[in-house]
Protein chains: 2
Amino acid sequence: MKRQRVTIKDVAAQAGVSYQTVSRVLNAKGEVAEETRVRIQAAIDALEYRPSAIARSLVSQRTHVLGLLTADFSDYTHARIIEGAEMEARRRGYLAFVSGGERGPDGEPLTSPLFTQHQTEGLLIVYHGASRDQYTIFEQIPRDLPLVTIGYAPGRPGVATVGVQNVEGGRRATEHLLRLGHRRIATISGPMQMYASQERRRGYAKALQATGLDVDSALLGEGDWSSASGYRATRELLARTEFTALFVQNDRMAMGALQALREQGRRVPDEVAVVGFDDIPSTPYFDPPLTTVHQPTYELGELAARLLIDLINGQPSSADLTRLPTPLVVRRSCGAEAYRPPPSSER
Amino acid sequence: MKRQRVTIKDVAAQAGVSYQTVSRVLNAKGEVAEETRVRIQAAIDALEYRPSAIARSLVSQRTHVLGLLTADFSDYTHARIIEGAEMEARRRGYLAFVSGGERGPDGEPLTSPLFTQHQTEGLLIVYHGASRDQYTIFEQIPRDLPLVTIGYAPGRPGVATVGVQNVEGGRRATEHLLRLGHRRIATISGPMQMYASQERRRGYAKALQATGLDVDSALLGEGDWSSASGYRATRELLARTEFTALFVQNDRMAMGALQALREQGRRVPDEVAVVGFDDIPSTPYFDPPLTTVHQPTYELGELAARLLIDLINGQPSSADLTRLPTPLVVRRSCGAEAYRPPPSSER
DNA sequence: TTGTAGGCGTTATCAT
DNA sequence: ATGATAACGCCTACAA
């Protein structure tokens with residue numbers, strides 16, 4: 001399919017000047033007589049001329065294109081990060097390639113070679129706090145390609161990493177429960193080889209210890225972030241020990257936990273108080289509405305894109321790892337009083 | 001930032017041939033002596049040479065790049081479509097630009113000009129059954145750009161449209177409820193100016209009429225697809241009339257509906273049976289697990305990308321509007337028996 | 001202020 | 001079988 005028929009030369013012919021002069025008005029460089037500028041602009045409009053980014057890139061060696069790599073698009077957290085990143089990129093004049101990158105189990109090829117060939121100027125890797133061994137992808141990425149990762153800083157120079165305050169979030173959730181009088185607080189983590197899981201659990205432990213409590217391993221559950229795993233982990237916990245509160249380290253698992261609790265006839269929050277993590281949009285409609293730790297995912301994406309573009313333009317980020325705050329959002333599942341009735345908006 | 005230092009000429013020099021010959025082996029065109037081919041390949045490997053897609057595009061006028069435009073990334077349905085489309089595109093050697101396109105209320109510029117400048121070969125518009133007036137975007141798109149839309153066929157030639165069987169889905173949901181003995185069945189639609197809403201409601205009406213029932217306007221609610229709107233519409237319905245079943249036209253609104261029902265003390269499914277639409281992943285963890293109409297969103301994305309690429313390559317799609325099936329998934333909220341206990345997997 | 005080369009990395013079309 | 005030459009659309013010098 002051919003398109004992009006109109007070139008700078010056509011415009012020049014139409015305006016009766018050399019194509020060089022057209023280039024000048026396009027880039028607002030050098031002096032151009034006001035009169036000819038107007039004439040050229042008229043020609044541009046008439047012909048609906050649009051400069052070819054391709055040709056420009058070839059000579060300038062700049063594409064103004066970012067690559068966004070993610071493992072799972074349809075995960076809300078990832079999607080929001082990407083959404084934020086794309087928006088910020090667009091504001092700064094960048095376009096974004098996306099790809100559900102990661103090599104499949106069948107050895108499906110990585111996308112990054114394609115990115116490289118298309119001269120992507122930088123890469124944003126949106127794996128949500130994955131573990132080191134899942135980052136074999138780094139080997140495939142050119143050493144000098146500007147890179148921003150989410151939640152995990154690889155041992156590479158010149159890579160910026162952004163994330164959220166996982167430890168603080170975990171601590172806040174647990175402290176809240178402690179403050180409500182709970183002493184046997186169970187927790188369900190994501191896969192423990194992931195940094196986010198480790199950090200959130202560390203926050204949990206910190207809060208307990210600050211109150212003089214020990215971490216009881218019987219109260220420690222683990223899932224894989226899915227609702228099903230939250231359901232399972234909760235049933236195991238229930239079968240194994242007693243507890244009056246449960247801190248689930250993401251909202252999807254919390255949804256499964258609530259279901260397990262319901263099935264076992266444990267009323268929430270009266271018999272078991274529950275706190276989640278993420279603050280996904282449907283959280284106010286959980287049964288009961290979920291108290292949870294908010295993650296500013298959209299802002300995380302914006303920040304990541306900003307840092308990446310800065311990196312591309314030779315402005316290394318000041319901090320290696322910037323972490324965004326994770327405030328607690330109190331709803332009903334924790335049993336705290338404060339709750340304003342039916343929520344009315346949601347994105 | 002400069003990169004992509006190694007060019008075809010470097011390879012040629014290294015292999016001691018003209019860069020022309022290198023091009024030949026790269027494209028497997030023309031005859032090349034086996035011996036020199038091997039030598040050149042060695043040079044390519046040694047130098048880690050990767051051809052520049054930019055330069056290729058300039059001469060070939062092909063970019064192998066698609067544009068994916070969406071209104072809302074973080075909506076699960078959209079995200080899945082994009083995920084499917086990107087995957088299929090990649091399989092066929094295409095890269096995908098994404099953008100949360102639509103012009104913002106502040107008049108923020110459309111992304112499509114940027115797409116155009118970057119020589120995007122085709123556009124996939126992932127608006128989920130939006131209404132005609134939301135498609136002013138079409139005016140901004142070059143007439144001859146291959147286009148695929150989801151759920152809505154604009155009055156343009158050469159545009160392929162894919163969607164799901166909304167009418168049938170609505171009919172199936174309603175029939176199911178009728179079969180369970182319900183006669184006063186309320187429904188909550190999305191915005192009625194959207195085709196998807198109209199179609200699902202038409203299916204609802206068809207099912208009723210086939211059973212000899214009239215559509216009672218008191219039973220007709222409308223929302224905006226959000227949980228909050230589902231909650232509100234349900235409360236209005238409850239205040240206005242009596243019904244024993246409720247067909248909510250997407251799962252997010254259904255979540256709000258369930259909450260409203262809970263708050264009003266109406267037990268689901270005993271007092272009110274509920275059926276949703278979409279089959280989002282969390283649906284098995286609703287309280288109670290939601291019976292809903294499944295939408296094959298990922299497949300929709302794959303299909304869309306396939307059609308788009310065919311269009312680009314001059315193979316117009318056979319049908320104007322391909323619709324994928326929407327089977328009913330029975331869980332607990334409708335009160336039908338069949339339900340296998342705790343779900344164990346989920347994406 | 002405006003026009004004339006030269007080149008960005010590649011492919012296509014001729015020669016050789 | 002291989003090499004030279006001309007595009008592709010544009011920008012950066014440099015000259016006029």
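We name chains A, B, ... by the order of the sequence lines, and we start the count at 1 in each one.
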**Message:** Regarding A:Ser57, tell me which of base, sugar-phosphate or nothing describes its non-hydrogen contacts under 4.0 Å with the strands shown.
**Reply:** nothing
**Request:** State the OG1-CD distance between B:Thr36 and B:Gln41, to the nearest 0.5 angstrom.
**Result:** 11.5 Å
**Complete:** Of the candidates D:dC10, C:dG9, D:dA1, the side chain of A:Gln61 sits closest to C:dG9
**Request:** Starting at atom NZ of A:Lys9, determine the distance to atom P of D:dC10, rounded to an integer number of angstrom.
**Result:** 9 Å
**Item:** Closest listed nucleotide, where the reference is the side chain of B:Ser18 and the choices are D:dG9, D:dT2, D:dG3
**Value:** D:dG3
**Request:** Provide, to the nearest angstrom, the distance between the CZ atom belonging to A:Arg39 and the P atom belonging to C:dT1.
**Result:** 15 Å
**Given DNA chain D, 5'-ward residue of the pair B:Leu58 and B:Val32, judged by closest heavy atom** = B:Val32
**Message:** Closer than 4.0 angstrom, basic N to acidic O: yes or no for B:Arg80 and B:Asp75?
**Reply:** no
**Prompt:** CD of B:Glu34 versus C1' of D:dT2: gap in Å, rounded?
**Reply:** 16 Å
**Asked** Whole Å only: how far is the NE2 atom of B:His118 from the C1' atom of D:dG9?
**Response** 14 Å
**Message:** Measuring centre to centre across the rings, with the benzene-like ring taken for any Trp, is B:His78 within less than 6.0 Å of B:Phe73?
**Reply:** no
**Message:** Nearest whole Å is fine: how far is D:dG9 P from B:Gln117 CD?
**Reply:** 15 Å
**Prompt:** Where the side chain of B:Ala33 is defined as all heavy atoms beyond and including C-beta, which of C:dT2, D:dT2, D:dG9 is the nearest nucleotide?
**Reply:** D:dT2
**Prompt:** Hey, is the main chain of A:Tyr298 close enough, under 3.5 Å, to the side chain of A:Glu83 for a donor-acceptor pair?
**Reply:** no
**Item:** Side-chain N or O of A:Thr21 closer than 4.0 Å to phosphate OP1/OP2 of C:dT1
**Value:** no
**Request:** Evaluate the ring planes of B:His118 and B:Phe97, with Trp represented by its six-membered ring, and classify them as parallel (under 30°), tilted (30 to 60°) or perpendicular (over 60°).
**Result:** perpendicular
**Message:** Treating primed atoms plus P, OP1 and OP2 as sugar-phosphate and everything else as base, which nucleotides of nucleotides 11-16 of chain D get B, S or - for protein heavy atoms under 4.0 Å?
**Reply:** BBB---
**Message:** Main chain of A:Thr116, side chain of A:Thr120: is a donor-acceptor contact present, judged purely on distance under 3.5 Å?
**Reply:** no
**Asked** Can you name the salt bridge (charged side-chain N to carboxylate O under 4.0 Å, His left out) partners of B:Arg306, sequence neighbours left out?
**Response** B:Glu88
